[in-house]
Amino acid sequence: MRIDVVTIFPAYLDPLREALLGRAVERGLLEIAVHDLRRWTHDVHQAVDDAPYGGGPGMVMRPQVWGEALDEVLPAGPQPARLVVPTPAGRPFTQTTARAWADEQRLVFACGRYEGIDERVLLDARARGIEVDEVSIGDYVLVGGEVAVLVMVEAVARLLPGVLGNPRSAAEDSFSDGLLEGPSYTRPETWRELAVPDVLRGGNHAAIARWRRDRALERTRDRRPDLLDALPPDALDAADRAV
Ligand SMILES: N#Cc1c(-c2ccc3ccn(Cc4ccc(CN5CCOCC5)cc4)c3c2)n[nH]c1N
(Lines give C-alpha, C1' and ligand atoms only; values in the text may rest on other atoms or scores of the structure.)
Protein backbone atom coordinates (compact mmCIF):
# COMPACT_ATOMS: atom_id res chain seq x y z
CA MET A 1 0.00 0.00 0.00
CA ARG A 2 1.12 3.55 -0.77
CA ILE A 3 -0.05 6.37 1.47
CA ASP A 4 0.29 10.04 0.55
CA VAL A 5 -0.43 12.84 3.01
CA VAL A 6 -0.81 16.49 1.95
CA THR A 7 -0.49 19.03 4.80
CA ILE A 8 0.85 22.49 5.65
CA PHE A 9 2.55 20.92 8.69
CA PRO A 10 4.61 17.98 7.36
CA ALA A 11 6.48 17.59 10.65
CA TYR A 12 3.17 16.66 12.33
CA LEU A 13 3.41 13.37 10.41
CA ASP A 14 6.95 12.51 11.58
CA PRO A 15 5.57 9.89 14.05
CA LEU A 16 4.72 7.76 11.00
CA ARG A 17 8.47 7.17 10.67
CA GLU A 18 8.78 5.79 14.17
CA ALA A 19 8.43 2.32 15.77
CA LEU A 20 6.14 -0.25 14.15
CA LEU A 21 5.13 1.91 11.19
CA GLY A 22 8.68 3.08 10.60
CA ARG A 23 9.86 -0.52 10.55
CA ALA A 24 7.05 -1.50 8.16
CA VAL A 25 8.19 1.25 5.77
CA GLU A 26 11.83 0.13 6.06
CA ARG A 27 10.73 -3.45 5.31
CA GLY A 28 8.84 -2.30 2.22
CA LEU A 29 5.45 -3.38 3.59
CA LEU A 30 4.17 0.16 3.22
CA GLU A 31 5.12 3.36 1.38
CA ILE A 32 4.43 6.73 3.01
CA ALA A 33 5.01 10.11 1.34
CA VAL A 34 4.25 13.44 3.04
CA HIS A 35 3.83 16.55 0.89
CA ASP A 36 3.90 20.21 1.96
CA LEU A 37 0.81 21.86 0.46
CA ARG A 38 2.69 25.16 0.22
CA ARG A 39 4.73 23.59 -2.60
CA TRP A 40 1.75 24.35 -4.84
CA THR A 41 1.44 28.02 -3.94
CA HIS A 42 2.76 30.69 -6.31
CA ASP A 43 2.71 33.83 -4.22
CA VAL A 44 5.42 35.22 -2.00
CA HIS A 45 3.27 34.65 1.10
CA GLN A 46 2.49 31.05 0.08
CA ALA A 47 -1.16 31.75 0.94
CA VAL A 48 -3.31 28.65 1.41
CA ASP A 49 -6.44 30.21 2.95
CA ASP A 50 -8.92 33.01 2.40
CA ALA A 51 -12.06 34.46 4.00
CA PRO A 52 -15.25 32.37 3.76
CA TYR A 53 -17.96 33.43 1.28
CA GLY A 54 -21.11 34.28 3.23
CA GLY A 55 -19.11 35.29 6.29
CA GLY A 56 -18.59 33.18 9.41
CA PRO A 57 -15.69 32.39 11.73
CA GLY A 58 -12.18 31.62 10.57
CA MET A 59 -10.73 31.03 7.10
CA VAL A 60 -11.22 28.42 4.37
CA MET A 61 -8.46 26.66 2.43
CA ARG A 62 -8.20 27.83 -1.17
CA PRO A 63 -9.30 25.43 -3.96
CA GLN A 64 -6.57 26.44 -6.43
CA VAL A 65 -3.72 25.25 -4.19
CA TRP A 66 -5.44 22.00 -3.24
CA GLY A 67 -6.45 21.39 -6.86
CA GLU A 68 -2.87 21.63 -8.11
CA ALA A 69 -1.59 19.49 -5.25
CA LEU A 70 -4.10 16.70 -5.83
CA ASP A 71 -3.63 16.87 -9.62
CA GLU A 72 -0.01 15.92 -8.97
CA VAL A 73 -0.38 13.56 -6.01
CA LEU A 74 -3.55 11.89 -7.28
CA PRO A 75 -3.50 12.25 -11.08
CA ALA A 76 -6.70 11.50 -13.01
CA GLY A 77 -6.94 8.24 -14.87
CA PRO A 78 -7.71 4.63 -13.99
CA GLN A 79 -6.07 4.13 -10.63
CA PRO A 80 -7.48 2.50 -7.56
CA ALA A 81 -7.01 5.35 -5.12
CA ARG A 82 -9.11 6.76 -2.34
CA LEU A 83 -8.99 10.37 -1.17
CA VAL A 84 -9.60 10.66 2.57
CA VAL A 85 -10.53 14.03 4.03
CA PRO A 86 -10.71 14.21 7.83
CA THR A 87 -13.39 16.65 9.02
CA PRO A 88 -15.52 17.18 12.14
CA ALA A 89 -18.50 16.79 9.78
CA GLY A 90 -17.37 13.38 8.52
CA ARG A 91 -18.82 9.90 8.80
CA PRO A 92 -17.42 8.01 11.81
CA PHE A 93 -14.06 6.31 11.21
CA THR A 94 -14.33 2.84 12.76
CA GLN A 95 -12.49 -0.47 12.75
CA THR A 96 -14.78 -1.46 9.88
CA THR A 97 -13.50 1.54 7.91
CA ALA A 98 -9.90 0.61 8.71
CA ARG A 99 -10.44 -2.95 7.54
CA ALA A 100 -12.02 -1.79 4.26
CA TRP A 101 -9.21 0.69 3.55
CA ALA A 102 -6.55 -1.96 4.31
CA ASP A 103 -7.46 -3.54 0.96
CA GLU A 104 -6.77 -0.35 -1.00
CA GLN A 105 -3.64 0.01 -3.12
CA ARG A 106 -3.44 3.76 -2.49
CA LEU A 107 -4.75 6.14 0.14
CA VAL A 108 -4.30 9.92 -0.18
CA PHE A 109 -5.04 11.97 2.96
CA ALA A 110 -5.84 15.69 2.63
CA CYS A 111 -5.17 17.45 5.94
CA GLY A 112 -7.25 20.57 6.27
CA ARG A 113 -6.67 23.40 8.67
CA TYR A 114 -8.58 26.59 9.58
CA GLU A 115 -12.30 25.85 8.98
CA GLY A 116 -11.58 23.23 6.36
CA ILE A 117 -11.10 22.92 2.59
CA ASP A 118 -13.23 24.63 -0.12
CA GLU A 119 -16.00 22.14 -0.98
CA ARG A 120 -15.21 22.35 -4.69
CA VAL A 121 -11.95 20.44 -4.14
CA LEU A 122 -13.95 17.38 -3.10
CA LEU A 123 -16.53 17.90 -5.86
CA ASP A 124 -13.76 18.14 -8.46
CA ALA A 125 -12.06 14.97 -7.17
CA ARG A 126 -15.35 13.02 -7.32
CA ALA A 127 -15.99 14.41 -10.82
CA ARG A 128 -12.56 13.00 -11.79
CA GLY A 129 -13.73 9.55 -10.69
CA ILE A 130 -11.88 9.53 -7.37
CA GLU A 131 -13.50 7.88 -4.33
CA VAL A 132 -13.67 10.57 -1.65
CA ASP A 133 -14.35 9.73 2.03
CA GLU A 134 -15.04 12.52 4.50
CA VAL A 135 -14.47 10.98 7.93
CA SER A 136 -14.27 11.96 11.58
CA ILE A 137 -12.29 10.13 14.28
CA GLY A 138 -14.62 11.23 17.07
CA ASP A 139 -17.14 13.66 18.49
CA TYR A 140 -14.73 16.37 19.59
CA VAL A 141 -13.13 19.24 17.69
CA LEU A 142 -9.47 19.28 16.68
CA VAL A 143 -7.50 22.13 15.09
CA GLY A 144 -6.66 20.30 11.88
CA GLY A 145 -6.64 16.95 10.11
CA GLU A 146 -3.07 15.82 10.87
CA VAL A 147 -3.74 14.11 14.20
CA ALA A 148 -6.73 12.33 12.65
CA VAL A 149 -4.48 11.08 9.84
CA LEU A 150 -1.98 9.69 12.36
CA VAL A 151 -4.83 7.77 14.00
CA MET A 152 -6.25 6.45 10.76
CA VAL A 153 -2.91 5.49 9.18
CA GLU A 154 -1.94 3.53 12.29
CA ALA A 155 -5.33 1.77 12.45
CA VAL A 156 -5.06 0.77 8.77
CA ALA A 157 -1.34 -0.05 8.61
CA ARG A 158 -1.45 -2.48 11.56
CA LEU A 159 -3.92 -4.58 9.54
CA LEU A 160 -1.52 -4.99 6.61
CA PRO A 161 0.12 -8.43 6.31
CA GLY A 162 3.45 -8.62 8.11
CA VAL A 163 3.16 -5.31 9.96
CA LEU A 164 2.14 -6.77 13.32
CA GLY A 165 4.54 -9.36 14.75
CA ASN A 166 1.62 -11.53 15.80
CA PRO A 167 -1.15 -11.64 13.15
CA ARG A 168 -3.55 -12.97 15.78
CA SER A 169 -3.48 -9.54 17.44
CA ALA A 170 -5.32 -7.90 14.56
CA ALA A 171 -7.66 -10.85 14.17
CA GLU A 172 -8.53 -10.74 17.89
CA ASP A 173 -8.85 -6.99 18.05
CA SER A 174 -11.17 -5.48 20.50
CA PHE A 175 -14.30 -4.93 18.36
CA SER A 176 -13.44 -7.97 16.25
CA ASP A 177 -16.13 -9.93 18.13
CA GLY A 178 -18.11 -6.77 18.76
CA LEU A 179 -17.05 -6.54 22.41
CA LEU A 180 -14.48 -4.52 24.31
CA GLU A 181 -11.58 -6.61 25.52
CA GLY A 182 -11.36 -7.46 29.19
CA PRO A 183 -8.47 -6.86 31.65
CA SER A 184 -4.93 -8.16 31.04
CA TYR A 185 -2.28 -9.29 33.54
CA THR A 186 1.40 -10.26 33.52
CA ARG A 187 4.06 -11.11 36.12
CA PRO A 188 4.44 -10.80 39.07
CA GLU A 189 1.60 -12.96 40.42
CA THR A 190 1.07 -10.42 43.25
CA TRP A 191 1.88 -6.74 43.00
CA ARG A 192 1.17 -4.25 45.80
CA GLU A 193 -0.97 -6.99 47.44
CA LEU A 194 -3.04 -7.30 44.23
CA ALA A 195 -3.10 -10.87 42.89
CA VAL A 196 -3.64 -12.10 39.34
CA PRO A 197 -7.06 -13.88 39.13
CA ASP A 198 -6.53 -17.57 39.96
CA VAL A 199 -8.27 -18.80 36.79
CA LEU A 200 -5.57 -17.16 34.65
CA ARG A 201 -2.82 -18.98 36.50
CA GLY A 202 -4.42 -22.40 36.10
CA GLY A 203 -4.16 -24.47 32.94
CA ASN A 204 -7.88 -24.78 32.22
CA HIS A 205 -8.14 -23.09 28.82
CA ALA A 206 -11.92 -23.42 28.62
CA ALA A 207 -12.28 -21.77 32.03
CA ILE A 208 -9.85 -19.01 30.98
CA ALA A 209 -11.79 -18.38 27.76
CA ARG A 210 -15.07 -18.23 29.68
CA TRP A 211 -13.59 -15.86 32.29
CA ARG A 212 -12.22 -13.55 29.60
CA ARG A 213 -15.53 -13.46 27.73
CA ASP A 214 -17.42 -12.72 30.97
CA ARG A 215 -15.10 -9.80 31.76
CA ALA A 216 -15.44 -8.52 28.16
CA LEU A 217 -19.24 -8.70 28.38
CA GLU A 218 -19.27 -6.91 31.76
CA ARG A 219 -16.94 -4.16 30.49
CA THR A 220 -18.88 -3.73 27.26
CA ARG A 221 -22.21 -3.54 29.11
CA ASP A 222 -20.73 -0.97 31.51
CA ARG A 223 -18.82 1.24 29.04
CA ARG A 224 -20.32 0.66 25.57
CA PRO A 225 -23.87 -0.73 25.82
CA ASP A 226 -24.36 0.49 22.26
CA LEU A 227 -21.98 -2.24 21.07
CA LEU A 228 -24.12 -4.90 22.78
CA ASP A 229 -27.24 -3.50 21.14
CA ALA A 230 -25.50 -3.69 17.75
CA LEU A 231 -24.62 -7.38 18.06
CA PRO A 232 -26.48 -9.80 15.76
CA PRO A 233 -29.25 -11.72 17.60
CA ASP A 234 -27.28 -14.96 17.72
CA ALA A 235 -24.03 -13.38 18.94
CA LEU A 236 -24.70 -14.09 22.63
CA ASP A 237 -25.36 -17.60 23.90
CA ALA A 238 -27.14 -18.53 27.13
CA ALA A 239 -23.90 -18.36 29.15
CA ASP A 240 -23.24 -14.86 27.78
CA ARG A 241 -26.72 -13.68 28.64
CA ALA A 242 -26.28 -14.97 32.19
CA VAL A 243 -23.33 -12.58 32.79
N1 LIG B 1 -11.28 13.79 11.73
C2 LIG B 1 -11.48 14.75 12.38
C3 LIG B 1 -11.78 15.79 13.29
C4 LIG B 1 -11.51 17.15 13.25
C5 LIG B 1 -10.91 18.00 12.20
C6 LIG B 1 -10.46 17.43 11.01
C7 LIG B 1 -9.97 18.22 10.00
C8 LIG B 1 -9.92 19.60 10.17
C9 LIG B 1 -9.54 20.69 9.36
C10 LIG B 1 -9.71 21.86 10.07
N11 LIG B 1 -10.20 21.53 11.29
C12 LIG B 1 -10.53 22.49 12.33
C13 LIG B 1 -11.99 22.72 12.37
C14 LIG B 1 -12.58 22.95 13.59
C15 LIG B 1 -13.96 23.20 13.67
C16 LIG B 1 -14.73 23.24 12.52
C17 LIG B 1 -16.22 23.51 12.60
N18 LIG B 1 -16.48 24.95 12.57
C19 LIG B 1 -17.82 25.17 12.01
C20 LIG B 1 -18.15 26.67 12.07
O21 LIG B 1 -18.08 27.10 13.40
C22 LIG B 1 -16.77 26.90 13.97
C23 LIG B 1 -16.39 25.46 13.94
C24 LIG B 1 -14.13 23.02 11.30
C25 LIG B 1 -12.76 22.75 11.23
C26 LIG B 1 -10.34 20.18 11.38
C27 LIG B 1 -10.83 19.39 12.39
N28 LIG B 1 -11.98 17.69 14.40
N29 LIG B 1 -12.53 16.70 15.14
C30 LIG B 1 -12.43 15.52 14.50
N31 LIG B 1 -12.88 14.31 14.95
Side-chain angles (χ1 to χ4, degrees), residues 1 3-16 21 30 32-41 45-74 81-102 104 106-126 130-159 173-175 180 223-224 226-227 230:
M1 174 183 287
I3 292 178
D4 289 88
V5 185
V6 183
T7 169
I8 58 173
F9 294 117
Y12 240 99
L13 283 302
D14 286 352
L16 296 180
L21 291 192
L30 179 63
I32 298 180
V34 179
H35 312 273
D36 186 340
L37 178 69
R38 295 193 195 276
R39 210 176 100 200
W40 288 279
T41 60
H45 301 296
Q46 297 191 305
V48 293
D49 63 302
D50 203 339
Y53 273 114
M59 304 291 272
V60 175
M61 300 192 92
R62 300 170 62 215
Q64 306 96 319
V65 185
W66 273 106
E68 288 188 31
L70 295 179
D71 285 351
E72 185 171 326
V73 174
L74 192 47
R82 180 176 297 273
L83 176 62
V84 178
V85 184
T87 167
R91 290 190 172 87
F93 174 78
T94 67
Q95 189 67 14
T96 301
T97 320
R99 276 198 214 98
W101 291 357
E104 295 282 351
R106 286 199 67 197
L107 293 175
V108 177
F109 290 88
C111 296
R113 282 271 156 168
Y114 310 101
E115 291 304 312
I117 301 171
D118 186 298
E119 186 69 11
R120 290 169 291 182
V121 173
L122 285 67
L123 294 174
D124 174 66
R126 291 189 174 108
I130 293 163
E131 283 290 321
V132 180
D133 285 345
E134 295 175 76
V135 291
S136 168
I137 61 167
D139 293 338
Y140 36 79
V141 182
L142 302 171
V143 180
E146 286 79 7
V147 166
V149 170
L150 289 173
V151 167
M152 293 189 279
V153 168
E154 181 166 306
V156 172
R158 65 185 290 278
L159 299 175
D173 267 345
S174 184
F175 303 102
L180 300 182
R223 298 180 185 174
R224 290 292 305 276
D226 58 299
L227 293 179

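Source: prediction; values computed, not measured. For ligands, and for the atoms within them, numbers begin at 1 and follow the listed sequence. These values consider heavy atoms only, across backbone and side chains, with no hydrogens, waters or symmetry-generated copies.
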Residues in the immediate environment of ligand 1 (any heavy atom closer than 4.0 angstrom): P57, P86, T87, P88, G112, R113, Y114, E115, V135, S136, I137, G138, Y140, V141, L142, V143, G144, G145, A148
Can you tell which of V48, L122, V121, V85 makes a side chain to side chain contact (heavy atoms under 4.5 Å, CB included) with W66? V121
Looking at [atom1] of [X] and [atom2] of [Y], how far apart are the two atoms once the value is rounded to the nearest 0.5 Å?
{"X": "I8", "Y": "D49", "atom1": "CD1", "atom2": "CG", "answer": "7.5 Å"}
{"X": "L180", "Y": "R224", "atom1": "CG", "atom2": "CZ", "answer": "6.5 Å"}
{"X": "L21", "Y": "L13", "atom1": "CG", "atom2": "CG", "answer": "11.0 Å"}

Flag for W40-D71: side-chain donor and acceptor within less than 3.5 Å: no
Geometric cation-pi criterion R113 and Y12, 6.0 Å radius, 45° cone: yes
